[in-house]
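Below, each value reflects all heavy atoms present in this structure, side chains not excepted, and no hydrogens, waters or symmetry copies.
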Amino acid sequence: MKKLFLMVMLMLSFSVSALDLSDAKEQGLVGEQANGLLGVVEESAAVNALVKDINSKRLVILNNMAEKNGMTLEQVSILAGEKAIKKTPAGQYIRNASGQWVVK
């Protein structure tokens, strides 16, 4: 019984570690926010790690865009958030102005 439990946990850890952005969005684990960053809808270590990784990459891009265009990071982030929310397909999560996660 103990071996079965360990095998199941090991299999689950492999499937969770293989989580990518597309899968996470389709599964309702993450969603887009007005600040241009990805947000966690359903907490887990794998989801948190994915969001942290994606957001660090997005911040580099947003900072570069801000510098290149003579804008603040906040201005660029707002524009990126609007675009990301607009591009989010129906059935995926976005964070509304009230801070609630809603299905688009």
**Q** What is the minimum heavy-atom distance between Y93 and V41, and which atoms define it?
**A**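 The answer is CB-CG2, 3.9 Å.
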**Q** Atom CD of Q92 and atom NZ of K87: how far apart are they, to the nearest 0.5 Å?
**A** 12.5 Å
**Q** Pair L29, V40 - check side chain to side chain contact (heavy atoms under 4.5 Å, CB included), show working.
**A** CA-CA 6 Å; L29 303 174; V40 175; over 6 Å; no
**Q** Quick one: list whatever passes salt bridge (charged side-chain N to carboxylate O under 4.0 Å, His left out) with R58, sequence neighbours left out.
**A**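 Per chain and number, R58 pairs via salt bridge (charged side-chain N to carboxylate O under 4.0 Å, His left out) with E32.
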**Q** At what distance, to the nearest 0.5 angstrom, does CE of M71 lie from CG of L62?
**A**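 Those atoms lie 10.5 Å apart.
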**Q** Dump the intermediate steps for side chain to side chain contact (heavy atoms under 4.5 Å, CB included) on E43 and V47, then the final yes or no.
**A** CA-CA 6 Å; E43 293 269 342; V47 171; over 6 Å; no
**Q** Let me check something: do V102 and I85 share a hydrophobic cluster, defined by ILVMFWY side-chain heavy atoms less than 4.5 Å apart, either directly or through other members?
**A**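 As far as the 4.5 Å side-chain criterion goes, I85 and V102 are connected within one cluster.
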**Q** Is there a path of hydrophobic side-chain contacts, each under 4.5 Å between heavy atoms of I/L/V/M/F/W/Y residues, joining I94 to V103?
**A**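 No, no single cluster joins them.
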**Q** Counting heavy atoms not belonging to K104, are there more than 12 under 6.0 Å from its NZ?
**A**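 More than 12 heavy atoms, drawn from other residues, nucleotides or ligands, come within 6.0 Å of this atom.
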**Q** Supply the atom-to-atom distance R95 CZ to L37 CG, rounded to the nearest 0.5 angstrom.
**A** 11.0 Å
**Q** Following the transitive rule for hydrophobic clusters with a side-chain heavy-atom cut-off under 4.5 Å over Ile, Leu, Val, Met, Phe, Trp and Tyr, establish whether I61 and V76 coincide in one cluster.
**A** yes
**Q** To check you understand the geometry: which heavy-atom pair defines the closest contact between L19 and D23, and what is its length?
**A** CD1-CB, 4.0 Å
**Q** Hey, could you give me the CD/CG distance between E74 and L79, rounded to the nearest 0.5 Å?
**A**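 E74 CD to L79 CG: 11.0 Å, rounded to 0.5 Å.
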**Q** Between D53 (side chain only) and A49 (backbone N and O only), is there a donor and an acceptor less than 3.5 Å apart?
**A**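 No.
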**Q** Roughly how far apart are Q33 CD and S77 OG, rounded to 0.5 Å?
**A**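 Answer rounded to 0.5 Å: 11.0 Å.
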**Q** Atom CG of N35 and atom CG of N55: how far apart are they, to the nearest 0.5 Å?
**A**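 Answer for the CG-CG pair, N35 versus N55, is 7.5 Å.
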**Q** Give me the atom names and distance for the closest heavy-atom approach of L50 to A24.
**A** CD2-CB, 3.6 Å
**Q** For L21 and L38, work out which heavy atoms get closest and say how close.
**A**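 Closest heavy-atom pair between L21 and L38: CD1-CD2, 3.4 Å.
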